[in-house]
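Notes follow the structure.
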Amino acid sequence: MNIASVIVDVPASSINQTFDYKIPERFQDVLESGMRVIVPFGPRKIMGFVVGRKAKSAFKGLKNITEVLDITPVLTPELLGLGKWLADETLSLYITSFQAMLPQVLKSQYKKELVKMTEADLSHELEMVFAGRDILPYEEFTGSEISYYQLQKAIHDGDVAVNYLVKSKITKKHVTMIKSSCPMHLLEEAYNDLSKKAKKQREIVAFFIENSEPVELQKFMNEMQTTRSTIKILQDRKLVTTYKVEVLRNPYNDTKFESTIPLRLTDQQQQAITPIKQKIAANEHDVFLVHGVTGSGKTEIYLQAIQDVINKGKEAIVLVPEISLTPQMVRRFKGRFGSNVAVMHSALSSGEKYDEWRRIHRKEVQVVVGARSAIFAPFENLGIIIIDEEHETSYKQEDQPRYHARDVAIHRGEHHHCPVILGSATPTLESYARAQKGVYQLAALDKRTNEKAMPKVEIVDMRNELHAGNRTMFSRSLKDKIEQSMERKEQIVLLLNRRGYSTFVMCRDCGHVKECPHCDIALTYHKNSNQLKCHYCSYEEPMPLNCPECNSDLIRYFGTGTQRVEESLTQLIPEARVIRMDVDTTRRKGAHEKLLNQFANKEADILLGTQMIAKGLDFENVTLVGVLTADSMLHLPDFRSSEKTFQLLTQVSGRAGRHELPGEVIVQTYTPDHYSIELASVYDYNQFYLREMAMRKTFNYPPYVFLALVTVSHQNQIKAVQITQKIVRMLVNHVGEDTVVLGPTPSPIARMKDRYRYQCMVKYKNEPKLRALIKKIIQQFDDEVRKEDLLITVDMQPYQLM
DNA sequence: AGCACGCCGACT
DNA sequence: GTCGGCGTGCTC
């Protein structure tokens, strides 16, 4: 078994296979599957994952593994298998799949350097760049004006060699410790020898006579009121030593978490948790859909189920959507399970993420709470997987591997024979349909734990406002209610559903709209920099003073960004104190939390924001929620737009009156009779489900069919269409009769970064060979992909049709 | 992907 | 002869 099969870090379809390497003697006892290694690959050295060991290889002339990077495997056998499954399922490369399961810092970086191999002088120019050094970073050569030919000659003559390096991104955090470094009697001797004047030194020596344990140097110096210089003297006299130890960064170290005890469950909660507990006890897999209205106490069910799992010595994964991974959320879990919880969150630095990952890897915790990628936590004894807010679109990864965390969760749940819990107030139609069919177990919680009614929702028809001469974005009713709330010193949350609208720039004279020169999309106006920006390719230009078409100076920005709304709000109600939350004000680390704290401390009356304020926030003083444009999402080219609208309205309504004070919701819309708005206002999920299912059936959309989306992009529009056309034809020829193949259709954003994008959609019910078929078809374009900069991407079960 | 190799054409 | 620009094929 002295040969290792390795998946190598080269993301190309022709390399998507294992390569065999000999295991040198010195690694034979230590090398296991799942470890990262450095291997020679052509002239280079690159990283790879060992996926297996064997005694024989069909390949002649194996090379040796150069280096082993891990002491224990970073991928467990289960994760190796999961990675392979994931790659096959999403039509991704094995290496891409493996990398997605690990923290970013475990990715390797590659460098080249030139080494001078001769004592003699190189050519004049080469000597100039080497500048007396023997080793030259390759970029310095590239940055110089010297011809590659010259270097080639020097390499050929053996005067210069190229060194290929694999660098690690890992940075570890260290603290300096101090301890006594001589036997007790010597310390006591030294203490007596010290002059009476050396007060600090005596104190320190006295401390170490009392205390033989090492202590953290920084804390020690603070407590002793001393500095390095004093320590240095004792160090030189060999009485104490300092040394560094590695510590794991702990992002929540300085936060105190009040510990909580299990709450008494309501009858409904009890009914929901009982079958889950049974499955945990029996070590059986099953999927539960917990359909619970906001405030029905889903989290408490999660917490108590996890407690069972911990008691069995097993582990738990809890997924929460990125934006609701707030300190509030973390507090609930850390409050119950203390330091037994790791948190995986995109706001952590890459070093912090790595350290949280290692706490899992080293089995120092039993619970991980995290966003999508936490589903790959390297636990080996999983007892439960929970996906909160199951309907959230952020569980679908939008780049390779395009996986849905729910599918991965169920796959892992089957492997570990443990239950998977999906929780939501507004489940996806897919999940609810499966629960209806009995594929998932349904648990309904339709009562709030505090027995409070859901806040009353008033729908305001904005067309009537216009007719009545109100041209602002605030209906008279909303304005009145805001003022009343403010008088009562209560707080208000205003949601601007920005998607679909943004501040674009248009000329009032000729109607010209400023578009991105590289994408088919209007540029967005950013007030604080006075710039126009493209949200897809990061193109920027200053806001023009005159229209580039007709030179009119009546060029203005339109649409309703949060900035605009804030302005007109303060115009309308000057005394209102407003906190605005959107991507611009929350970009900085910790800004999100800071703004929410301000609001919680009642430093503002109104919290105005985008989607991000719709979820998970819980402020007791909020009694009014206003949705400014409920229908802005409805008109997007997306078959899920009604579902998303319903979900958003239901969620944001849940923000009002969560505690003692009764809540009220005002929904402004131009389409008041749309069923998603009407039914959300009366909290009728079941009716919505029926209506929407009928819709999906009529138009042949999930959950009645599965989707696969192939997108082709190329600089040349005709080329993009032609290739898509070919793909469509090949698909049509090989799929079953019930399967529909659509296209070529321009992608909703038909041009992005100077590339035209066309797509082909497959709608199918049962097509077991579809993945293999698409794979085969794409392979036929491999040559063009390489040579002509053609791009073909496949998304199995797309969430966004962009 | 990223690299070497080899062929070709342009330039001195 | 000298130099640089692609196209091609390979990587255990």
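- Residues passing the side chain to side chain donor-acceptor pair (under 3.5 Å) test with Arg402(A), sequence neighbours excluded: none.
- Atom CG of Leu773(A) sits about 5.5 Å away from atom CG of Leu731(A), to the nearest 0.5 Å.
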Taking distance alone, no hydrogens or angles, what donor-acceptor pairs closer than 3.5 Å link side-chain atoms of residues 95-105 of chain A to residues at least two apart or in another chain?
{"from": "Ser97(A)", "atom 1": "OG", "to": "Gly83(A)", "atom 2": "O", "distance (Å)": "3.0"}
{"from": "Ser97(A)", "atom 1": "OG", "to": "Ala87(A)", "atom 2": "N", "distance (Å)": "3.3"}
{"from": "Gln99(A)", "atom 1": "NE2", "to": "Asp9(A)", "atom 2": "OD1", "distance (Å)": "3.3"}

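- For Asp134(A) and Lys116(A), the salt-bridge test fails: no basic side-chain N is under 4.0 Å from an acidic carboxylate O.
- The side chain to side chain donor-acceptor pair (under 3.5 Å) search around Ser33(A) returns none, not counting sequence neighbours.
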Contacts table for residues 718-727 of chain A: side-chain donor-acceptor under 3.5 angstrom, sequence neighbours left out:
{"from": "Lys719(A)", "atom 1": "NZ", "to": "Glu784(A)", "atom 2": "OE2", "distance (Å)": "2.9"}
{"from": "Lys719(A)", "atom 1": "NZ", "to": "Glu788(A)", "atom 2": "OE1", "distance (Å)": "3.2"}
{"from": "Thr724(A)", "atom 1": "OG1", "to": "Ala720(A)", "atom 2": "O", "distance (Å)": "2.5"}

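- Ile155(A) has its CD1 atom 11 Å from the P atom of dC3(B), to the nearest Å.
- If you take CG of Asp783(A) and P of dA1(B), they are 13 Å apart, rounded to a whole angstrom.
- With sequence neighbours excluded, the residues forming a salt bridge (Lys or Arg N to Asp or Glu O under 4.0 Å) with Glu246(A) are Arg358(A), listed by chain and number.
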Scan the side chains in residues 753-760 of chain A for donor-acceptor partners under 3.5 Å anywhere in the protein, sequence neighbours excluded, and list what turns up.
{"from": "Asp754(A)", "atom 1": "OD1", "to": "His518(A)", "atom 2": "ND1", "distance (Å)": "3.3"}
{"from": "Asp754(A)", "atom 1": "OD2", "to": "His518(A)", "atom 2": "ND1", "distance (Å)": "2.6"}
{"from": "Arg755(A)", "atom 1": "NE", "to": "Ser713(A)", "atom 2": "OG", "distance (Å)": "2.9"}
{"from": "Arg755(A)", "atom 1": "NH1", "to": "Asp789(A)", "atom 2": "OD2", "distance (Å)": "3.1"}
{"from": "Arg755(A)", "atom 1": "NH2", "to": "Ser713(A)", "atom 2": "O", "distance (Å)": "2.9"}
{"from": "Arg755(A)", "atom 1": "NH2", "to": "Ser713(A)", "atom 2": "OG", "distance (Å)": "3.2"}
{"from": "Arg755(A)", "atom 1": "NH2", "to": "Asp789(A)", "atom 2": "O", "distance (Å)": "2.8"}
{"from": "Arg757(A)", "atom 1": "NH1", "to": "Ser747(A)", "atom 2": "OG", "distance (Å)": "2.9"}
{"from": "Arg757(A)", "atom 1": "NH1", "to": "Ile749(A)", "atom 2": "O", "distance (Å)": "2.7"}
{"from": "Arg757(A)", "atom 1": "NH2", "to": "Met802(A)", "atom 2": "O", "distance (Å)": "2.7"}
{"from": "Tyr758(A)", "atom 1": "OH", "to": "Gln717(A)", "atom 2": "NE2", "distance (Å)": "2.8"}
{"from": "Gln759(A)", "atom 1": "NE2", "to": "Leu801(A)", "atom 2": "O", "distance (Å)": "3.4"}

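- Under the rule for a salt bridge (Lys or Arg N to Asp or Glu O under 4.0 Å), the partners of Lys54(A) that lie at least two apart in sequence or sit in another chain are Asp20(A).
- If you measure from atom NZ of Lys111(A) to atom P of dG2(B), you get 15 Å, rounded to the nearest angstrom.
- Within residues 34-58 of chain A, the residues that have a heavy atom under 4.0 Å from DNA chain B are, in order of number, Pro43(A), Arg44(A).
- What separates CG of Asp9(A) from P of dC3(B) is a distance of 13 Å, to the nearest Å.
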Which nucleotides of nucleotides 5-12 of chain B have their base under 4.0 Å from a protein heavy atom (B), which only their sugar-phosphate (S), and which neither (-), written as one string 5' to 3'? --------
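- For the pair Tyr110(A) and dC3(B), the criterion of a side-chain N or O lying under 4.0 Å from OP1 or OP2 is not met.
- Lys787(A) comes within 4.0 angstrom of sugar-phosphate atoms only, judged by non-hydrogen atoms across all strands, and of no base.
- Looking at residues two or more places apart in sequence or on another chain, you find no side chain to side chain donor-acceptor pair (under 3.5 Å) involving Lys763(A).
- Every residue meeting the salt bridge (Lys or Arg N to Asp or Glu O under 4.0 Å) condition with Glu392(A), not counting sequence neighbours, appears here in chain and number order: Lys615(A).
- Along DNA chain C, read 5' to 3', the first and last nucleotides having any atom under 4.0 Å from a heavy atom of chain A are dC3(C) to dC12(C).
- Rounding to whole angstrom units, NZ of residue Lys112(A) and C1' of dG2(B) are separated by 8 Å.
- Toward the 5′ end of DNA chain C lies the nearest nucleotide of Tyr148(A), the other residue of the pair Tyr148(A) and Phe59(A) mapping further downstream.
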